[in-house]
Amino acid sequence: QARLVESGGGLVQAGGSLRLSCAASGRTFGGYAMGWFRQAPGKEREFVAGISWSGHNTDYADSVKGRFTISRDNAKNTVYLQMDSLKAEDTAGYYCAARADSYFSRFKEDYAHWGQGTQVTVSS
């Protein structure tokens with residue numbers, strides 16, 4: 001059974017950094033684009049960053065552009081989200097997702113596989 005497992009969340013002060021990881025297991029996600037989404041209490045799940053299968057194409061939500069970096073290591077079946085200059089408004093559950101397409105999407109409905117999420121809390 002295909003699984004995506006996120007790790008690396010935690011509590012950090014504003015201005016700090018965290019690196020999230022998303023490891024795929026149970027099957028290969030060869031050819032799949034990957035995305036990171038986040039969901040704060042009472043809010044919709046929103047797109048944060050996406051990366052194509054090759055890793056050559058990436059995109060970010062305006063709210064994180066210049067602060068977050070998505071990357072992937074296909075040999076390790078792992079996707080990363082480096083988060084710098086964190087703000088209190090970045091506090092949310094962070095979820096990685098896999099899309100059966102070589103190119104990512106900003107729409108959560110386009111992703112069939114999801115991890116269980118990891119909590120990021122930024123104190124101001």
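Just so you know, residue 1 is the first one in the sequence shown, and it goes up from there. Note that the structure is predicted; figures quoted are calculated from it, not measured.
E6 contributes a side-chain N or O that, together with a main-chain N or O of G117, makes up a donor-acceptor pair within less than 3.5 Å. Side-chain atoms of Y95 never come within 3.5 Å of backbone atoms of R45 as a donor-acceptor pair (strictly under, hydrogens ignored). The closest donor-acceptor contact from the side chain of S52 to the backbone of N57 lies under 3.5 Å. In terms of modelled atom types and a separation under 3.5 Å, the side chain of Q119 and the main chain of G10 share no donor-acceptor contact. Side chain of T121 to backbone of L11: no donor-acceptor contact under 3.5 angstrom is found.
Among all heavy-atom pairs drawn from T78 and S21, the shortest one is CG2-CB, 4.4 Å.
Two residues are said to be in side-chain contact when any heavy atoms from C-beta on lie closer than 4.5 Å; L81 and T69 fail this criterion. When side chains are defined from C-beta on, V64 does not count as touching W36, because their heavy atoms never get closer than 4.5 Å. Looking at heavy atoms from C-beta onward, W114 lies out of side-chain contact with L4 at the 4.5 angstrom threshold. When side chains are defined from C-beta on, M34 does not count as touching W53, because their heavy atoms never get closer than 4.5 Å. With contacts defined as side-chain heavy-atom distances shorter than 4.5 Å, the pair I70/Y60 qualifies. Under the 4.5 Å side-chain criterion, counting only non-hydrogen atoms from C-beta, V120 is not in contact with T91. No side-chain heavy atom of Q116 sits under 4.5 Å from any side-chain heavy atom of R3. Contact of the R106 side chain with the D59 side chain is registered, since non-hydrogen atoms from C-beta on lie closer than 4.5 Å.
Interatomic distance, I51 CD1 to Y103 OH, rounded to the nearest 0.5 Å: 11.0 Å. Going from atom OG of S124 over to atom CD of E89 covers 9.0 Å, rounded to the nearest 0.5 Å. Taking CG from D110 and CG from D101, the interatomic distance works out to 8.5 Å, rounded to the nearest 0.5 Å. Taking CG of D90 as the reference point, atom OG of S63 lies at 7.0 Å (rounded to 0.5 Å). Here CD of E46 is found 10.0 Å from NZ of K108. Values are rounded to the nearest 0.5 Å.
Under the disulfide bond (SG atoms under 2.5 Å apart) criterion, the residue pairs touching residues 87-118 are C22-C96, with sequence neighbours excluded.
Using modelled atom types and a 3.5 Å distance limit, the side chains of D84 and S17 yield a donor-acceptor pair. A donor-acceptor contact under 3.5 angstrom links the side chains of R38 and Y94, judged on distance only.
Taking the six-membered ring where the residue is Trp, F104 and F47 present parallel rings, their angle staying beneath 30° rather than reaching 60°.
Residue V5 is not grouped with residue V79 when hydrophobic side chains (ILVMFWY) are merged at heavy-atom distances under 4.5 angstrom, including chains of intermediate members.
No cation-pi contact links R72 to Y80, judged by a cut-off of 6.0 Å to the six-membered ring centre and 45° from its axis.
Residue K65 qualifies as enclosed at atom NZ: its count of foreign heavy atoms under 6.0 Å is above 12.
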Candidate pair R99 and Y32, rule side chain to side chain contact (heavy atoms under 4.5 Å, CB included), full reasoning | CA-CA 5 Å; R99 184 188 188 208; Y32 279 57; 5.6 Å; no
